[in-house]
**Student:** 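A single structure is presented below for examination.
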Amino acid sequence: MKIGYPCINNSVGCTANRTFRLKSYSEDLLKEKITENLSCLKKILQYNINNGFLFFRIGSGLVPFASHPICEFNWQNYFKKDFQEIGRFIKEKNIRISMHPDQFVVINSQNPEIVARSIKELEYHCQILDSLGLDQTAKVQIHIGGVYGEKEKSMKRFIENYKKLPVFIKKRLVVENDDKSYSASECLEISEEIKIPIVFDTLHHECLNNQEKARDVFEKIIKTWKKKDGLPIIDYSNRIIGDKRCRHIQSLDPRLFKKFIKETFGLDFDIMLEIKDKELSAKKALEVLVVV
DNA sequence: AGTTGTCAAGCTAGT
DNA sequence: ACTAGCTTGACAACT
């Protein structure tokens, strides 16, 4: 079991998500930002090793505007050595890497242009992981997408569009249950058809479920992960107490986390802590694991 | 040096 | 019709 946090580290004093405005796009500026981002990524990974965090989500902004038509720069080639070097470090230290494209990636959109842009963005994410030389356990996670007032049709459209994706995307792509549209059991329905692994998000399940117990659903979800996909991934968070909506807590509650670990006894998986204070919560989580 | 409006992209629910 | 919220954070133009 590995513990990780997404995209941002507030302790190392740099960010791997530096960007700029589209208006000020130039190849030089792009190179500059990628250089800074890669250098910071190294620092974060080293920090993670020093602190026992073996799971990390790389932010989508590592290469700004990579999937935008304005970008004709071959960053994969130009930064080949840097990616290989970081990739070697990741493999040597046995770090698990994932990525999570943002809400603009909608594979089941009714608009073919949005689908095309989404595929471009997925290509970019997979190119990052390919450039790092990582195997199929490095995943790219998205949600099912929109409902458009016709859920059955929208689920079918996801399945059809998924089938058309190139293999280098399919082998990394996984879906996560969300808090408003597609529950974990609906993800399971889709997975049954196309055999896509599912990321179980504990907070989203709390907010959207069909009265299934988390452990029951999770045991089914675990089976969607084959050996080549690596251990199942869980996104862990808790709801702000008394919150009507589904907002993340600011910092890990060690007692709730301990309860969760006990409830999932006997199951093995990697945990991504989707919590505001990032590495601080990851530290708390490790402390809980040592005691349990 | 610090503050604040704005930023490539989509969808949903709430006002 | 419009906007907040979603992994919101980071930039850039303004004091």
Side-chain angles (χ1 to χ4, degrees), chain A residues 4-10 12-26 29-30 32-34 36-37 40 44 55-71 97-125 139-151 154-155 157-158 161 176-183 199 201-204 207-208 233-240 243-252 271-282:
Chain A
Y5 59 95
C7 310
I8 290 162
N9 176 302
N10 294 311
V12 295
C14 64
T15 163
N17 305 301
R18 297 213 60 184
T19 184
F20 52 89
R21 294 289 174 259
L22 182 57
K23 271 190 295 187
S24 46
Y25 183 94
S26 76
L29 191 50
L30 179 60
E32 188 187 310
K33 297 301 176 186
I34 299 173
E36 288 175 344
N37 287 343
C40 186
I44 293 174
F55 191 16
F56 186 67
R57 182 188 296 168
I58 296 177
S60 297
L62 192 70
V63 179
F65 303 106
S67 76
H68 191 281
I70 201 173
C71 177
I97 295 289
S98 70
M99 296 187 81
H100 192 340
D102 60 31
Q103 61 270 36
F104 307 109
V105 170
V106 185
I107 287 303
N108 76 344
S109 174
Q110 295 175 311
N111 177 349
E113 286 171 18
I114 293 173
V115 177
R117 277 198 290 274
S118 299
I119 294 171
K120 281 269 170 220
E121 184 72 355
L122 290 179
E123 270 173 19
Y124 152 64
H125 282 78
K139 294 301 187 190
V140 173
Q141 55 175 288
I142 59 171
H143 298 290
I144 302 296
V147 177
Y148 313 101
E150 40 178 32
K151 190 174 262 185
S154 299
M155 285 167 80
R157 206 164 41 245
F158 181 92
N161 289 343
E176 175 195 344
N177 58 310
D178 67 85
D179 61 336
K180 287 197 174 72
S181 304
Y182 293 98
S183 68
V199 172
D201 186 305
T202 63
L203 174 61
H204 291 163
C207 300
L208 179 67
I233 295 173
I234 276 212
D235 281 358
Y236 180 89
S237 187
N238 295 118
R239 202 202 297 230
I240 296 173
D243 188 32
K244 273 191 181 172
R245 281 173 289 176
C246 200
R247 289 182 297 182
H248 294 258
I249 43 165
Q250 293 294 316
S251 189
L252 186 86
I271 305 177
M272 180 59 64
L273 298 164
E274 285 195 333
I275 297 173
K276 287 261 165 25
D277 67 359
K278 310 290 175 182
E279 74 277 9
L280 296 182
S281 284

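Every heavy atom of this structure was used, including side-chain atoms; hydrogens, water molecules and symmetry mates were not. Convention: sequence-line order gives letters A, B, ...; per-chain numbering from 1.
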**Student:** What integer number of Å spans the P atoms of B:dG2 and C:dT8?
**Tutor:**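 Pairwise P distance, B:dG2 against C:dT8, rounds to 26 Å.
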**Student:** Heavy-atom contacts under 4.0 Å between residues 108-121 of chain A and DNA chain B, which residues?
**Tutor:**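 A:Ser109, A:Ile114, A:Arg117, A:Glu121 - these, ordered by number, are the residues of the stretch whose heavy atoms sit under 4.0 Å from the strand.
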**Student:** Tell me, please, which residues at least two apart from A:Arg18 pass salt bridge (charged side-chain N to carboxylate O under 4.0 Å, His left out).
**Tutor:**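 For A:Arg18 the salt bridge (charged side-chain N to carboxylate O under 4.0 Å, His left out) partners, ignoring immediate neighbours, are A:Glu36.
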**Student:** Considering residues at least two apart in sequence or located in another chain, which fulfil the salt bridge (charged side-chain N to carboxylate O under 4.0 Å, His left out) criterion with A:Asp235?
**Tutor:**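 Partners of A:Asp235 under the salt bridge (charged side-chain N to carboxylate O under 4.0 Å, His left out) test: A:Arg57.
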**Student:** Going by the rule ring pair (Phe, Tyr, Trp, His ring centres under 6.0 Å), which residues pair with A:His125 if we only count those two or more places apart in sequence or in a different chain?
**Tutor:**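 Partners of A:His125 by the ring pair (Phe, Tyr, Trp, His ring centres under 6.0 Å) criterion come out as none, since no residue qualifies.
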**Student:** A:Phe104 on top of B:dA9's base, within under 5.5 Å and under 30°?
**Tutor:**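 Aromatic stack with B:dA9 present for A:Phe104.
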**Student:** Taking it one step at a time, do A:Val199 and A:Met272 satisfy side chain to side chain contact (heavy atoms under 4.5 Å, CB included)?
**Tutor:** CA-CA 10 Å; A:Val199 172; A:Met272 180 59 64; over 6 Å; no
**Student:** Restricting to salt bridge (charged side-chain N to carboxylate O under 4.0 Å, His left out), what partner residues turn up for A:Arg247, sequence neighbours left out?
**Tutor:**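 In terms of salt bridge (charged side-chain N to carboxylate O under 4.0 Å, His left out), with neighbours along the sequence ignored, A:Arg247 is linked to A:Asp243.
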**Student:** Provide the distance between the two P atoms, one in C:dT3 and one in C:dT7, to the nearest whole Å.
**Tutor:**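 Their P atoms lie roughly 22 Å apart.
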**Student:** Name the nucleic acid region contacted by A:Phe65, choosing base, sugar-phosphate or nothing; use a 4.0 angstrom heavy-atom cut-off, strictly under.
**Tutor:**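 Answer is base: heavy atoms of A:Phe65 come under 4.0 Å of a base.
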**Student:** In whole Å, measure the gap between the P atoms of B:dG5 and C:dG5 for me.
**Tutor:**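 Looking at atom P only, B:dG5 and C:dG5 are 16 Å apart.
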**Student:** Sequence neighbours excluded, which residues qualify as side-chain hydrogen bond (donor to acceptor under 3.5 Å, both in side chains) partners of A:Asn37?
**Tutor:**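 If we apply the side-chain hydrogen bond (donor to acceptor under 3.5 Å, both in side chains) test to A:Asn37, skipping adjacent residues, there are no hits.
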**Student:** Could you tell me how the ring of A:Phe20 sits relative to the ring of A:Tyr25: parallel (under 30°), tilted (30 to 60°) or perpendicular (over 60°)?
**Tutor:**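 Tilted: the ring planes of A:Phe20 and A:Tyr25 meet at 30° to 60°.
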**Student:** Using Watson-Crick pairs (N1 to N3, plus N6-O4 or O6-N4) and G-U wobble pairs, both distances under 3.5 Å, which stems of at least 3 pairs involve DNA chain C?
**Tutor:**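 Ordered by first number, the stems with DNA chain C (at least 3 consecutive pairs each) read B:1-7 with C:9-15, B:10-15 with C:1-6.
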**Student:** Please give, in whole Å, the distance from B:dC11 P to A:Ile142 CD1?
**Tutor:**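 Going from CD1 in A:Ile142 over to P in B:dC11 covers 13 Å.
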**Student:** Taking ring pair (Phe, Tyr, Trp, His ring centres under 6.0 Å) as the definition, give me every residue that meets it alongside A:Phe56, ordered by chain and number, with sequence neighbours left out.
**Tutor:**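 By the ring pair (Phe, Tyr, Trp, His ring centres under 6.0 Å) rule, A:Phe56 matches A:Tyr5.
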**Student:** Who passes side-chain contact (heavy atoms from CB on, under 4.5 Å) against A:Thr19, sequence neighbours left out?
**Tutor:**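 Per chain and number, A:Thr19 pairs via side-chain contact (heavy atoms from CB on, under 4.5 Å) with A:Pro64, A:Phe65.
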**Student:** Go through the structure and list residues passing side-chain contact (heavy atoms from CB on, under 4.5 Å) with A:Lys120, not counting sequence neighbours.
**Tutor:**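 Applying side-chain contact (heavy atoms from CB on, under 4.5 Å) to A:Lys120 gives A:Ser67, A:Glu123.
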**Student:** What residues, two or more places apart in sequence or in another chain, satisfy side-chain hydrogen bond (donor to acceptor under 3.5 Å, both in side chains) together with A:Ser154?
**Tutor:**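 With neighbours one apart ignored, the set is A:Arg157.
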**Student:** Measuring only the P atom in each nucleotide, how far is C:dG9 from B:dC11? A whole number of Å is fine.
**Tutor:**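 So the two P atoms sit 24 Å from each other.
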**Student:** Produce a footprint string for nucleotides 5-15 of chain C: one letter per nucleotide, 5' end first; B if the base is under 4.0 Å from any protein heavy atom, S if only the sugar-phosphate is, - if neither.
**Tutor:** SBBSSBBS---
**Student:** Need one value for A:Val105: base, sugar-phosphate or nothing, where a base atom within 4.0 Å counts as base even if backbone is also close, heavy atoms only.
**Tutor:**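 The answer is nothing, as A:Val105 stays clear of every strand by at least 4.0 Å.
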